Protein chains: 2
Amino acid sequence: MHADSVARAEVGHQTVTWDRPTADCPVEVALAAISGRWATLVLRDLMDGPRSFSALRAGLPSLSAKVLTERLDSLVAQGVVSCSRSPGFPVRTSYALTSKGLLLRPLLVELYRTGEALLSELADH
Amino acid sequence: MHADSVARAEVGHQTVTWDRPTADCPVEVALAAISGRWATLVLRDLMDGPRSFSALRAGLPSLSAKVLTERLDSLVAQGVVSCSRSPGFPVRTSYALTSKGLLLRPLLVELYRTGEALLSELADH
DNA sequence: CAGGATCCTAAAAGATACTG
DNA sequence: CAGTATCTTTTAGGATCCTG
């Protein structure tokens with residue numbers, strides 16, 4: 001559906017007739033992974049390798065435990081991040097990108113690239 | 001700053017020490033343009049060429065005038081969309097992408113591409 | 001250590017009615 | 001036509017305290 005969207009954007013055709021974001025639209029799917037405050041930062045940290053809950057918190061001091069949990073739960077639910085907990089006590093967790101999660105890297109790079117371009121482009125004309 | 005972020009993600013280095021999304025971070029800048037419900041859909045429509053307020057509404061039936069106005073105001077404020085109003089009555093508007101706005105096209109394409117990849121990737125492993 | 005449980009505030013979205 | 005104004009609902013985010 002949004003397939004046609006982009007095709008439309010690229011080619012100029014117009015064949016679709018849908019009117020709202022749906023969960024099955026690729027654009028919405030990708031957006032879901034990077035949306036929410038701190039999401040891109042958490043992902044960036046995980047791009048470097050597995051991280052524990054505390055390590056992630058340490059890297060993002062102003063992020064509360066609750067929000068980090070929400071973000072991670074969401075990423076895990078989307079299958080882009082996996083979580084393993086060590087047995088024993090105290091518990092240790094290790095969050096890591098899954099193969100799906102690695103697919104997000106080019107998007108993050110493009111996000112950065114586009115942001116830079118926007119910043120260097122003089123306002124309008 | 002997020003420059004180092006992506007560098008970090010790409011190279012594995014770690015040199016930055018910031019903890020929250022800031023307005024001057026390229027990633028946040030790019031994200032601002034595509035965030036908000038309907039934002040990508042409005043942008044997609046504009047990728048085909050200038051559109052009037054009503055034309056945009058017609059394309060996105062379940063989007064209220066209020067939200068469309070908010071979205072457009074935001075895009076105009078960010079300098080990615082421009083608005084011109086015809087003199088006389090009844091007023092006619094024409095929203096169009098600026099040169100900055102066109103910079104978003106590759107991002108939208110990448111967003112779509114990544115979403116597709118996520119959808120076709122089997123969950124985890 | 002790694003969260004869960006609550007409560008609260010704020011921002012975003014939606015519905016409806018109205019105006020220049 | 002192209003919005004504005006208002007109000008209500010929904011959702012996200014944050015603060016604090018508590019637990020396996």
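In what follows, chains carry the letters A, B, and so on, assigned in the order in which the sequence lines appear, proteins first and then strands, with residues in each chain numbered from 1. Note that this is a predicted model, so its numbers are computed, not measured.
Hydrophobic cluster membership is shared by Y112(A) and L102(A), with clusters built from Ile, Leu, Val, Met, Phe, Trp and Tyr side chains linked at under 4.5 angstrom.
Atom CG of L68(B) and atom P of dG3(D) are 8 Å apart (whole Å). Following rounding to the nearest Å, L31(B) (CG) and dA12(D) (P) show an atom-to-atom distance of 15 Å. The separation between R37(A) atom CZ and dA12(D) atom P is 13 Å, rounded to whole Å. Atom CG of D73(A) is separated from atom C1' of dT11(D) by 17 Å (rounded to the nearest Å). Summarising the geometry, the separation between CZ on R51(A) and P on dG3(C) is reported as 16 Å, rounded to the nearest angstrom. Taking atom CZ on R71(B) and atom C1' on dG3(D), their separation rounds to 16 Å, with Å as the unit. Distance E70(B) CD to dT4(D) P: 10 Å, rounded to the nearest Å. Atom CZ in R57(B) sits roughly 11 Å away from atom C1' in dC1(D) (whole-Å rounding).
One finds no salt bridge joining R113(B) and E116(B) here, because no Lys/Arg side-chain nitrogen approaches an Asp/Glu carboxylate oxygen to under 4.0 Å.
For the pair V91(B) and C83(A), nearest-nucleotide mapping onto DNA chain C gives the more 5' position to C83(A). When each of S64(A) and F89(A) is assigned the nucleotide of DNA chain D with its nearest heavy atom, S64(A) is the one assigned upstream, toward the 5' end.
Listed candidates were dG14(C), dC1(D), dG3(D). Nearest to the side chain of V67(B) is dG14(C). Comparing atom distances between the A65(B) side chain and each of dG3(C), dA2(D), dT4(D) picks out dT4(D) as nearest. Considering only side-chain atoms of R92(B), the nucleotide from dA13(C), dG14(D), dA2(D) that sits closest is dA2(D). Ranking dA13(C), dG20(D), dC1(D) by closeness to the P90(B) side chain, first place goes to dC1(D).
Residue R85(A) is classed as a sugar-phosphate contact, given heavy-atom separations below 4.0 Å to backbone atoms only. Contact annotation for T69(A): backbone-only contact, meaning every heavy-atom pair under 4.0 Å involves sugar-phosphate atoms and none involves a base. Using a 4.0 Å heavy-atom distance criterion, S54(B) is classed as a sugar-phosphate-only contact.
In the interface, the side chain of K66(B) is paired with the base of dA13(C) through a donor and an acceptor atom under 3.5 Å apart.
Residue Y95(A) places at least one side-chain N or O under 4.0 Å from the OP1 or OP2 atom of dG3(C).
Considering CG of L119(B) and OG1 of T114(B), their distance stands at 11.0 Å, rounded to 0.5 Å. For the atom pair K66(B) NZ and R71(B) CZ, the distance stands at 9.5 Å (nearest 0.5 Å).
Judged purely by distance below 3.5 Å, without hydrogens or angles, the side chains of Q78(B) and S74(B) pair a donor atom with an acceptor atom.
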